[in-house]
Every structure is written in C-alpha cells, then in structure tokens.
There are 2 protein chains.
Amino acid sequence: MLDLERLRALTAVATYGTVSGAADALHVTTSAVSQQVAKLERETGQKLLERNGRGVRLTDAAELLVRHAERILALVEVAQSDLEAHRGTAVGELSVAAFPTAIRGLVATALVRLRHEHPRLRVKVCEVDPIESLPQAARGELDMAIVQDWNNEPLALPDGLAKGHLCEDVADVALPADHPLADRDSVELKELAGDSWISSTADSVCYDWLTHTLRSVDSEPRIDHMAYEYESQLALVGAGCGAAILPRLGRCVVPDNVRVLPLRPLLERRLFAVWRTEAARRPAIRATVDVLRAVAAAQVPDLTQRPT
Amino acid sequence: MLDLERLRALTAVATYGTVSGAADALHVTTSAVSQQVAKLERETGQKLLERNGRGVRLTDAAELLVRHAERILALVEVAQSDLEAHRGTAVGELSVAAFPTAIRGLVATALVRLRHEHPRLRVKVCEVDPIESLPQAARGELDMAIVQDWNNEPLALPDGLAKGHLCEDVADVALPADHPLADRDSVELKELAGDSWISSTADSVCYDWLTHTLRSVDSEPRIDHMAYEYESQLALVGAGCGAAILPRLGRCVVPDNVRVLPLRPLLERRLFAVWRTEAARRPAIRATVDVLRAVAAAQVPDLTQRPT
DNA sequence: TCCAGCATGTAGCGATCCTACACAATGAGC
DNA sequence: GCTCATTGTGTAGGATCGCTACATGCTGGA
C-alpha cells in the first residue's frame, strides 16, 4: 500500500527540483527524503529518481506517480477539511502569512478576538510579502495568505486558490515638510512627476506596484531609495530624500518633518484573505476570515475618512 | 496527515459492521483495528465509533470520512495500477478465485504458462464459488474472480467490476447406465421432467442455476441429493439416485455405470474473468486474462465437439 | 445467572523512521 | 587543475509506531 507521507515526499521533490529543497519544505533531513523515495521505489518496483549532475531528475514513472499523488493529496485535504467542517468548531493549527501593515493594523487585533472566540484554534502568523505568500499558500506551506490588490492593478490568483475580500485601505502621499506642495489639502499624483521617490525593497509587491503606478504619470520615475519598513521610508522622506506612498492601515507615527496628503483621485488597495480551495470548508478558515472582516469593518471609518 | 492504512481499517469496519469482521478481512487482530480507529479519532478530534449493543455503530463523522476514504482508496488503486502499467511487465501478487472445474480445466494449465512467461508474477489461486468470489473481488479481497454465466441466466456484475470473456463450455446430462434414455444419442431437458436430480450444494451458484433451469421444464423439480464435487455427484448418479448436469470443462473420469448424453439444445455456460475497474490497467491482470484465453482456446474443440 | 461474543486497554516485541555522520559525485571558482 | 561548496546516498543508533497476546469490561441470549 502506498503511503501518503512518501507520496508527499516525492511531490515535494518534484516541486522543488532537489531532494534537499524538498527536505527543507517538509522540515526533515535530506537523508529522510532520500530514504522515503528509495522505499517508494522498492514498493513500486520502479526507479523514480535519477542522478542528474549534482541534483536529481524524475523518471517518467515518477512524473506519472506525482500526477496521481497530487490528485490523491488534494482529495485527502478535502476530506480533512470536510471532516473539520462537520465538527463545526474551529480547531487545530492555521498558519497565516500577512504583509507588515496588515499584521499590525488588522491581524494583531484579530488574533485577540480569535483566541477568545476559538480557544482551540492556534493561529501562527508569519510576516511574508504577498509576492512570496501566494505561491507558498498554493504549495500548501501556508494555510492562509493576506494579500493586497491595488485599484489600478488586479490580483492574479494562482490555480487552486480562493480569495475573500476583507476591506479597503487608502494610501496617501508623504512629502518632506518643506516640499512646495506640503501645505496643500490634497495633491494629484501627476503633480509629483519628476520628484524623487522612496519605495519598498525590490522583492516586494509594493515595489512592482509603485514603479507601475508612477509610470502612468512619469515616463522615467526616479526611485532613489528603498526601505522595506515604512518607518524607515518616512525617515528618508523627512530627510528630504523624496516622496513616498503611505497606506493608512497600520500606519506608524508620522515624524514632524513629514506631511501626509490625500491623493486625488483616491489611491485605494483592497485586502484579501487567500486560501486553498481544498481547505475552503475548514471552520478555521471561515472563522478567521469572519474575524478579520469584523476587525476591518470596525476600522473602516478610520481608514477611509481620516483627514490624513 | 491521514494514514491510508487507518482509513482502510475504518472502511473495513463500515463494510463488515463489526471491528472483528474488519480485523478478519484485514488479517489482523481486533485489537489492531480498534487501535487504528482510536488513532484516527485522535487525529481528527472526533468520535468515529460508538458502542452499540455488543458491536459498534459508525458516527456521522465516520460515515462522512468513509465516503471520502472510499474515493481516496480507489484513486490510490488506480495510481498503483497505472504505475504498474507504465512498468509494462506483470509483477507482484495476483490473488485469483475460481470454481473447481475452472481450476482443474483452465487455471492449472494457465499457471504453468504464467510462471514461465511472467516469472516475477506470483499468482495465488483459491477455490471459491462465484456466489462468494464476486463480492470478494468487489471488496478488494481478491484481485480476480473466474465466474460462469449460463446461457439462460445472465451474470449480474456488481458496481466497480469489469469482466473479460474467456471461453464457452458445454454441459451434458449424466444418467444412470440403466436409465430408459441412457442409450440415446442426445436428450431434451424436458424429457427428464419428473426425474430426481443431484445438485451442487445450496451455497453455490450451480444450485441456484439448476433449480432455476429445471423450473422451466418441471414445475416442481425434485432435488434429492446435493454434493459440491462432481465426482461425488457421479457416484450418486451411478447408484441410480438421479440425474446430474455435468460440464465438460475439468470433467473427471466418468464411472462405467454412468452415461453422459449431450442435451438438445446445447446447455452452454460462458466463463469470465472479473476484476476491479481500478486495477484494470495492471499488466498482471491483462497477462493473466491473455493466458487464460489462450489455454481456453486450445481446449475449445475438446469442450464443444467431443461426442460426449 | 451464566456464558458466548464483541470491543477496549496494556505490556512487550519487532519493524519502521528519523537524525547524525560519513562518504561519493559533480560543477563552479580561483 | 585543484579546491571547495553543494547535493545525494548509505549506515548506526535511538525514538516511535504498530502489532500480538492477554486481560478486562460490557451486552444480550440461553
């Protein structure tokens, strides 16, 4: 009889291309994965991995088995999810990835309520940029990813994932206090064409989005500085290094030498929770999304109406 | 992660209704099955079995899990079968059930050829009446069942099973040597209406078939004696106890005090091999069916043209 | 009331699986 | 061309798992 853990080991090798990559993902040693696959080879009577340079290559038989294994493992996840739904209560472990402003502006508060309302549910939060968390969720390394979707750039969802809308958030522009436009009530993005910009680091969705957005008003946007944390970006803005886009959700204290102005038209992002469709029926998923929505709803006035 | 062996244990309990029945089917002790299910309960966090009188009853959660498990286990079998097909050669173990005349008339010879042509295939034969072997094959306790199908009574195949035709066989009637019709070249069944009959035992398809067949010529057939083995039936015929239907396949030596006459019209049975559709792609299945057909074809003249 | 039948719990033994370590093979950098 | 980092496989030992045998508890019929 085939063993699901062994099938998972093989699919992990197929996914990551190397035995050690699979071992990392499964949190075991390479030796363990190697032995699991070797056992699978003995059981099936067929060679599954072949040495290929320093790595391995899957044989045709292994590719075939992986295709079956993916269907089987998906069905197993549906069964587990269905069984948990039958139980009705949110229990077990739920690993959630979120980007920084969502963690402090939404998830932290939600965790308090979740711990209170679902004491048997253990939510593990990890700060991961959506650029990473989406594929991780698709691969099953995460149960839920909290991601964003700017109004000028829709979210591309990998196969097998479902999303649930959480709330809207508005982003303003942060300018040095001595900027010519710093005393305006609001500003249009195109008025800032030619300005120097401060962005998130290049391995984040915010960087991709900012360059894309600025290109609509400025053929050659100048991104001179990059910092992943907004607090650092604001320090750079205060030092007169340029402008930055600053979401309202999870906003830190703005230094005195920085002015924050609303943009015209509003620059909005939508927040989504994303999960695998196989796990959709888990009460843990539903409960977490519900609480996230409730927390978000309580903050909507703050986010969309605050003068700045 | 769910474990397939544990799921199999639960489905066996669902199938057989009792823990000990499941244990028998899985060839382990009741304690082992009980522990497996208990572990499943801990993993899923839900009660699966409830004491019910001296036995157990499956909870709703267990019923739900069984439905999923059946789909998963079927998919696993397809994967294994597909993988073996990819390998191309017939290997591993194949458990085959056949009724007595098929064993000596067909399977024994086929085993010799199979052992020669597919040395890595181990075929295990067990004599089981089709009345038992069909459900056993459907439940996965057997890989193949060799069954018969009389020309006046088609075979009802349970869901999930496929069949392959092997050959035809003809049955004659055995009469005491001093029977008034014993010297005829052939005889019609209705000429024997009112005669006493010797049948297979009541727990066999042959008994069911014989009573059904005789009813078409005799409203109240007299079945005075029953013996599972034809050799015993012929001894009874020779002792003047009645008539018997005697297939040509695997026919033993006929005693001197018994005459065997062909029936008009021919009483034919068709032989089939039956297997689960999930295992249909196994080369072991295909190879065995092919050899059975070849052996049968070599005997067809003997079976259908022999004067008696 | 006793007993047969069924399920569960426990102790112990063997198998399994994982980690740590050693070793082999490859390919990139100097 | 040599060295070394990277990757995969093999082996020994310890922890865990899973099974059997046996004891115990419960139920329903004789």
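Only a predicted model underlies this, so the values are computations on that prediction, with no experimental measurement involved. Residue numbering restarts at 1 for every chain, and letters A, B, ... go by the order of the sequence lines.
Taking NZ of A/Lys39 as the reference point, atom CG of A/Leu10 lies at 15.5 Å (rounded to 0.5 Å).
A/Ala110 and A/Val291 make their closest contact through O-CG1, 3.6 Å (heavy atoms, listed as atom of the first residue, atom of the second, distance). In terms of heavy-atom proximity, A/Leu49 sits nearest to A/Glu41 at N-OE2, 3.1 Å. Here the shortest heavy-atom pairing between B/Ile198 and B/Leu210 reads O-CD2, 4.0 Å. Nearest heavy atom pair, residue B/Asp143 against residue B/Glu93, reads OD2-O, 3.6 Å. Looking at every heavy atom in both residues, B/Val56 comes nearest to B/Val19 through CG2-CG2, 4.1 Å.
Crowding of B/Glu63 atom CD: a count of heavy atoms from other residues, nucleotides or ligands under 6.0 Å exceeding 12.
A/Leu40 places its CG atom 15 Å from the P atom of C/dT16, with the value rounded to the nearest Å. Here the C1' atom of nucleotide C/dA7 and the CG atom of B/Asp24 are 14 Å apart, to the nearest Å.
Nearest-nucleotide assignment on DNA chain C puts the 5′-proximal partner with B/Val33, out of A/Val33 and B/Val33. Both B/Ser34 and A/Lys39 lie near DNA chain C, and the one whose nearest nucleotide falls closer to the 5' end is B/Ser34.
In the region residues 41-50 of chain B, proximity to DNA chain C at under 4.0 angstrom, judged on heavy atoms, holds for none of the residues. Taking every heavy atom of residues 4-11 of chain A and every atom of DNA chain C, pairs under 4.0 Å involve A/Arg6, by number.
The closest side-chain donor-acceptor pair between A/Glu77 and A/Ser81, if any, does not fall under 3.5 angstrom. No side-chain donor-acceptor contact under 3.5 Å links A/Asp60 and B/His86. Side-chain polar atoms of A/Ser31 and A/Gln35 form a donor-acceptor pair below 3.5 angstrom.
Two end axes, each from the C1' atoms of five base pairs, can be drawn for the helix from C/dT1-D/dA30 to C/dC30-D/dG1; they diverge by 10°, to 10 degrees.
Remark: of the listed residues B/Asp3, B/Leu7, B/Leu4, B/Leu4 is the sole one forming a side-chain contact (heavy atoms from CB on, under 4.5 Å) with A/Leu4.
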With the sugar-phosphate defined as primed atoms, P, OP1 and OP2, and the base as all remaining atoms, what B/S/- string results for nucleotides 20-30 of chain C, 5' to 3', for protein heavy atoms under 4.0 Å? B-----BS---
Could you walk me through whether A/Arg281 and A/Glu84 satisfy the salt bridge (Lys or Arg N to Asp or Glu O under 4.0 Å) test, starting with their C-alpha distance in whole Å, then the side-chain angles of each, then the deciding distance to 0.1 Å, before giving a yes or no? CA-CA 8 Å; A/Arg281 299 201 56 192; A/Glu84 198 177 311; over 6 Å; no
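Between the side chain of A/Gln148 and the backbone N or O of A/Phe99 there is no donor-acceptor pair closer than 3.5 Å.
A/Arg57 pairs by the side-chain hydrogen bond (donor to acceptor under 3.5 Å, both in side chains) definition with A/Glu50, not counting sequence neighbours.
Protein chain A contacts DNA chain D from D/dA5 to D/dT11, reading 5' to 3' and using non-hydrogen atoms of the protein with a distance under 4.0 Å.
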